[in-house]
Amino acid sequence: MEYTVKALAELAGVTPRTLRWYDQTGLLKPLRTTEAGYRLYGPKQLDRLQDILFYRELGLDLASIRTILDDPAFDRQAALQSHLTELKARRARLDELILTVQRTIDNIKGGTKMTDQEKFEAFKRRVVAANEAAFGQEIRQRYGDEEADRANACVLALTQEEYTAWKALGDEILQALTAAVQAGTAPAGPEGQRIAQLHRRWLSYSWEAYTPQAHAGLAELYVSDPRFTAYYDREVSGCAAFLRDAVRAYTGA
């Protein structure tokens, strides 16, 4: 069965304008165009649109999605399995947040008292689960299951003060990267090296042992994996590459 732009937009819950933009940018080309100029989409195009929408739900930008889908090594079944894992992780995070809210309400009403650690446990678990779903496979392939599990355990063991400082430091790094790229700062310069040092401090919250080689290897992932790149480049393009280059200079890699 073939669908017009209007019919496919209604089926997928997107706008006709979105489909025309996807065509214009090469993200989703129609199966064919009629002599009258109507775009028609077939089964393969529907599958690709579904993949696009899955990745959009994960927060990837359109350029990164196109890179992933156009990769000759793209495995749709493996990608769908990854999506399923992420959705289950999101559901688990929501369930834990719901439980925390319920327990907090009970605590306010004078019921079972919550410890300070319990008040924030769900938020830390949410961060760990989100990172695991988004980047766990790559991290485990590069560093091994033992190191990945140890990093997760370090985050879960953070006190509320440490967790707050860790999150604030991450935000500071993102803001500094954006400003540095916009200003045309050199990654090997003083500001770039300050950012690399901040990044090392940020890693210390989840790494038991630091090595320059591991630091440089992780920074390389920020450029080689579109999901990492999308995270750092969400405000200004080039932040992931800047951080990678700054860390290279910092570690001498």
Side-chain angles (χ1 to χ4, degrees), residues 1-94 126-127 129-142 148 174 181 218-244:
M1 183 174 180
E2 295 180 351
Y3 292 85
T4 63
V5 168
K6 183 176 183 297
L8 182 55
E10 292 176 351
L11 176 69
V14 299
T15 65
R17 182 179 180 182
T18 294
L19 293 178
R20 287 192 287 269
W21 175 249
Y22 288 175
D23 182 10
Q24 182 180 338
T25 58
L27 180 60
L28 178 65
K29 305 295 290 184
L31 173 64
R32 62 190 181 91
T33 304
T34 68
E35 292 182 0
Y38 290 102
R39 298 175 177 87
L40 295 177
Y41 298 82
K44 289 185 178 180
Q45 289 71 45
L46 265 67
D47 286 347
R48 185 173 173 100
L49 178 58
Q50 187 186 40
D51 290 334
I52 292 169
L53 297 180
F54 276 138
Y55 279 116
R56 290 294 285 166
E57 281 294 318
L58 294 177
L60 271 68
D61 62 86
L62 297 181
S64 297
I65 294 172
R66 183 178 178 184
T67 298
I68 293 171
L69 296 182
D70 288 347
D71 187 337
F74 176 71
D75 184 330
R76 188 164 193 256
Q77 182 175 338
L80 289 171
Q81 187 61 53
S82 177
H83 295 327
L84 180 60
T85 299
E86 163 63 10
L87 290 171
K88 288 181 177 180
R90 288 187 181 186
R91 182 175 64 186
R93 295 196 297 270
L94 283 174
R126 184 180 182 187
V127 169
N131 288 340
E132 184 68 32
F135 313 119
Q137 181 178 354
E138 290 74 16
I139 294 297
R140 290 177 183 278
Q141 287 176 347
R142 183 176 288 264
L174 289 174
V181 171
L218 179 62
E220 191 64 40
L221 270 181
Y222 296 162
V223 175
S224 63
D225 190 294
R227 285 166 291 184
F228 282 100
T229 305
Y231 173 78
Y232 282 103
D233 286 8
R234 62 178 185 253
E235 295 293 336
V236 175
S237 179
C239 288
F242 183 97
L243 181 55
R244 186 272 312 273

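Bear in mind the structure is a predicted one, so any value in this text is a computation, not a measurement.
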Practice problem: Supply the atom-to-atom distance Leu8 CG to Arg39 CZ, rounded to the nearest 0.5 angstrom. | Solution: 11.5 Å

Self-check item: Arg66 (side chain) donor-acceptor with Thr25 (main chain) under 3.5 angstrom
Solution: yes

Self-check item: Tyr22 and Lys29: CA distance, side-chain angles, deciding distance, side chain to side chain contact (heavy atoms under 4.5 Å, CB included) verdict
Solution: CA-CA 7 Å; Tyr22 288 175; Lys29 305 295 290 184; over 6 Å; no

Exercise. For atom CZ of Phe74, decide whether the heavy atoms of other residues, nucleotides or ligands shown that lie under 6.0 angstrom number more than 12.
Key: yes

Quiz prompt | Straight-line distance of Gln81 CD to Leu84 CG, nearest 0.5 Å | solution = 5.5 Å

Quiz item: Distance under 6.0 Å and angle within 45° of the ring axis: does Arg234 meet both against Tyr231?
Solution: yes

Quiz item: About how many Å separate CG of Leu46 and CZ of Arg48, when rounded to the nearest 0.5 Å?
Solution: 13.0 Å

Practice problem: For side chain to side chain contact (heavy atoms under 4.5 Å, CB included), just list the numbers for Ile65 and Asp51, CA-CA rounded to whole Å, side-chain angles, deciding distance to a tenth of an Å, and then say yes or no. | Solution: CA-CA 9 Å; Ile65 294 172; Asp51 290 334; over 6 Å; no

Quiz item: With a 4.5 Å limit on heavy-atom distance, are the side chains of Val223 and Phe228 in contact?
Solution: no

Quiz item: Where is the tightest heavy-atom contact between Arg76 and Asp47, given as atom of each residue plus distance?
Solution: NH2-O, 3.3 Å

Quiz prompt | Candidate pair Asp233 and Asp61, rule side chain to side chain contact (heavy atoms under 4.5 Å, CB included), full reasoning | solution = CA-CA 9 Å; Asp233 286 8; Asp61 62 86; over 6 Å; no

Exercise. Flag the pair Tyr41 / Tyr3 as yes when their ring centroid distance falls below 6.0 Å, and as no otherwise.
Key: no

Quiz item: Is the backbone of Tyr38 close enough, under 3.5 Å, to the side chain of Thr34 for a donor and an acceptor to pair up by distance?
Solution: yes

Quiz item: For the residue pair Leu31 and Glu2, what are the closest heavy atoms and their distance?
Solution: CD2-OE2, 3.4 Å

Exercise. Evaluate whether atom CD of Gln50 has more than 12 neighbouring non-hydrogen atoms of other residues, nucleotides or ligands under 6.0 angstrom away.
Key: yes

Self-check item: Approximate separation, where rounding is to 0.5 Å, of Ile52 CD1 and Leu60 CG
Solution: 12.0 Å

Practice problem: Could you tell me the separation between the CZ atom of Arg56 and the OG atom of Ser64, rounded to the nearest 0.5 Å? | Solution: 10.0 Å

Quiz item: Which word best sums up how the rings of Tyr222 and Tyr232 line up, parallel for under 30°, tilted for 30 to 60°, or perpendicular for over 60°?
Solution: tilted

Exercise. Answer with yes or no whether the side chains of Gln45 and Arg32 bring together a donor and an acceptor at under 3.5 Å.
Key: no

Quiz prompt | Pair Tyr55-Leu69, side chain to side chain contact (heavy atoms under 4.5 Å, CB included): steps then yes or no | solution = CA-CA 10 Å; Tyr55 279 116; Leu69 296 182; 4.0 Å; yes

Quiz item: Val14 versus Leu53: any side-chain heavy-atom pair under 4.5 Å?
Solution: yes

Practice problem: Go through the steps for Thr18 and Thr15 under the test side-chain hydrogen bond (donor to acceptor under 3.5 Å, both in side chains), then give the verdict. | Solution: CA-CA 5 Å; Thr18 294; Thr15 65; 2.8 Å; yes

Quiz item: About how many Å separate CG of Leu28 and NZ of Lys44, when rounded to the nearest 0.5 Å?
Solution: 13.5 Å

